[in-house]
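Below: the structure, in structure tokens.
Counting starts at 1 for both ligands and their atoms, following the listed order.
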Amino acid sequence: MLIIGSHVSFGAKEQLAGSVREAVSYGSNTFMFYTGAPQNTKRCKLSYDLTLEARNLLYDNNIELNNLVIHAPYIINLANNENKESYEFAISFLKEEIERASMLGVEIMVLHPGSYVRFDVETGIKNVINALNEIITKNQTVKICLETMAGKGTEICFKLEHLKRIIDGVNYKDKVKVCLDTCHLNDAGYDINRFDDYLDEFDKIIGIDKIACVHVNDSKNPIGSKKDRHENIGFGTIGFDALLKVIYNERLKNIPKILETPYVGNYDGDKNRIYPPYRFEIEMIRKKRFNPNLKDDIRNYYK
Ligand code: FE
Ligand code: FE
Ligand code: ZN
């Protein structure tokens with residue numbers, strides 16, 4: 001069975017229960033969320049009652065808890081230790097985030113490996129390894145999934161070899177997994193039209209069993225552009241057919257697929273005038289037929 005969902009919100013008021021409701025409204029059977037705002041590290045206290053309510057909602061909607069994904073905030077940068085204070089803060093924040101994930105029962109945590117800023121790739125990789133060895137404990141159930149990056153600015157892990165070296169350097173390797181992002185792979189220079197070749201290479205270098213999550217996004221930019229701007233499914237440079245081959249790939253059958261495509265509408269500062277595309281994208285993916293009027297359909301549905 002296809003395991004598909006999208007990024008959803010997680011608010012202080014309804015917490016995980018609200019996230020489940022949003023995912024269900026899109027026809028999803030999994031989802032990904034930040035435990036607060038993606039761009040900061042302010043986090044609310046988790047409510048036991050809301051977590052229990054969420055468990056019941058998951059059960060009622062046939063969503064498996066072990067397919068859910070948490071995304072660590074993207075300001076956390078383990079690759080740069082120039083400022084010791086923020087490096088130490090990132091480490092302690094991630095320890096707490098793992099704690100929060102365990103309380104919610106979520107075992108997949110996606111993490112951007114980070115940017116080396118004024119160092120170099122080598123140093124960036126070393127910094128990530130050191131940090132992960134401080135963060136990861138022997139008995140944790142949460143797996144840290146390093147995301148494949150586009151190579152924008154000084155990001156590391158736009159190459160398979162970077163991921164391989166980080167995993168090699170980590171003590172508890174079984175706690176480290178990988179999250180593929182199709183937009184990032186395209187922008188890093190990997191051809192999604194030849195995704196099976198990529199999986200072969202991944203298997204040779206890292207081992208395919210390390211893939212724990214796939215972010216399915218189209219890209220606004222050509223292959224190798226190192227940009228990282230997501231586009232709606234079928235509307236970008238990767239295209240609908242190539243993305244379908246990723247989504248329905250036999251070798252990734254049991255891996256959750258998460259959409260992180262942009263909201264549709266004319267953003268003029270008013271968040272009420274942009275609409276989530278996920279319900280429509282998921283429907284299109286299930287039907288395996290591209291809908292060129294998708295964006296109009298979304299606007300008409302929500303307005
Ligand atoms: Fe990400
Ligand atoms: Fe992603
Ligand atoms: Zn991205």
Side-chain angles (χ1 to χ4, degrees), residues 3-10 19 28 30-41 67-79 90 93-94 97 101 106 108-115 128 132 142-160 162-163 166 176-190 192 195 198 202 210-233 235-238 242-243 246-247 252 255-263 276-278 281-282 285:
I3 306 162
I4 192 157
S6 70
H7 160 73
V8 299
S9 57
F10 179 100
S19 310
S28 305
T30 183
F31 58 88
M32 180 178 82
F33 60 102
Y34 292 82
T35 60
Q39 71 278 14
N40 70 40
T41 50
N67 287 327
L68 305 193
V69 183
I70 284 179
H71 199 308
Y74 50 69
I75 50 149
I76 290 290
N77 184 5
L78 301 183
F93 177 85
L94 273 173
E97 189 76 341
V106 176
I108 307 174
M109 184 183 291
V110 172
L111 172 72
H112 291 183
S115 301
V128 175
L132 288 178
V142 178
K143 312 283 188 287
I144 301 288
C145 300
L146 302 170
E147 184 163 350
T148 60
M149 301 311 287
K152 185 181 65 185
T154 65
E155 276 173 356
I156 60 169
C157 293
F158 56 89
K159 271 187 182 172
L160 278 172
H162 300 169
L163 290 164
I166 293 175
V176 181
K177 300 266 181 175
V178 176
C179 169
L180 306 182
D181 184 310
T182 54
C183 169
H184 300 175
L185 288 177
N186 172 79
D187 291 11
Y190 292 105
I192 303 298
F195 186 66
Y198 174 79
F202 190 102
K210 278 286 181 209
I211 301 173
C213 180
V214 180
H215 288 170
V216 185
N217 303 304
D218 215 324
S219 173
K220 285 192 196 294
N221 292 290
I223 182 167
S225 59
K226 301 205 160 170
K227 282 282 203 328
D228 187 6
R229 290 192 64 212
H230 303 186
E231 180 56 282
N232 294 101
I233 304 300
F235 289 85
T237 55
I238 302 174
L243 289 172
V246 175
I247 296 165
L252 303 178
I255 308 300
K257 317 290 183 322
I258 305 289
L259 304 170
E260 305 173 292
T261 47
Y263 273 39
Y278 310 120
E281 286 179 323
I282 288 168
I285 287 164

Tell me, which N, O or S atom in Asp228 is closest to the Zn ion (ligand 3)?
OD1
Sub-2.8 Å protein N, O or S atoms surrounding the Fe ion (ligand 2):
Glu147 OE2, Asp181 OD2, His215 ND1, Glu260 OE1
Mutual orientation of the aromatic rings belonging to His71 and His215 [parallel < 30°, tilted 30-60°, perpendicular > 60°]:
parallel
In terms of ring plane angle, is the pair Tyr74 and His112 parallel, tilted or perpendicular, where the classes change at 30° and 60°?
parallel
Return yes if a side-chain donor-acceptor contact under 3.5 Å exists between His230 and Asn232, otherwise no.
no
The atom of His184 among N, O or S that is nearest the Zn ion (ligand 3) is NE2
Spacing of Glu260 atom CD and His7 atom NE2 [to the nearest 0.5 Å]
8.0 Å
Hey, is the Zn ion (ligand 3) within less than 2.8 Å of some N/O/S atom on His230?
yes
Atom pair OG1/CG of Thr182 and Asp218 - distance to nearest 0.5 Å:
7.0 Å
Please verify the inter-ring angle class for Tyr198 with Phe195; under 30° counts as parallel, over 60° as perpendicular, anything in between as tilted.
parallel
Side chain to side chain donor-acceptor pair (under 3.5 Å) against Thr148, all qualifying residues, sequence neighbours excluded:
none
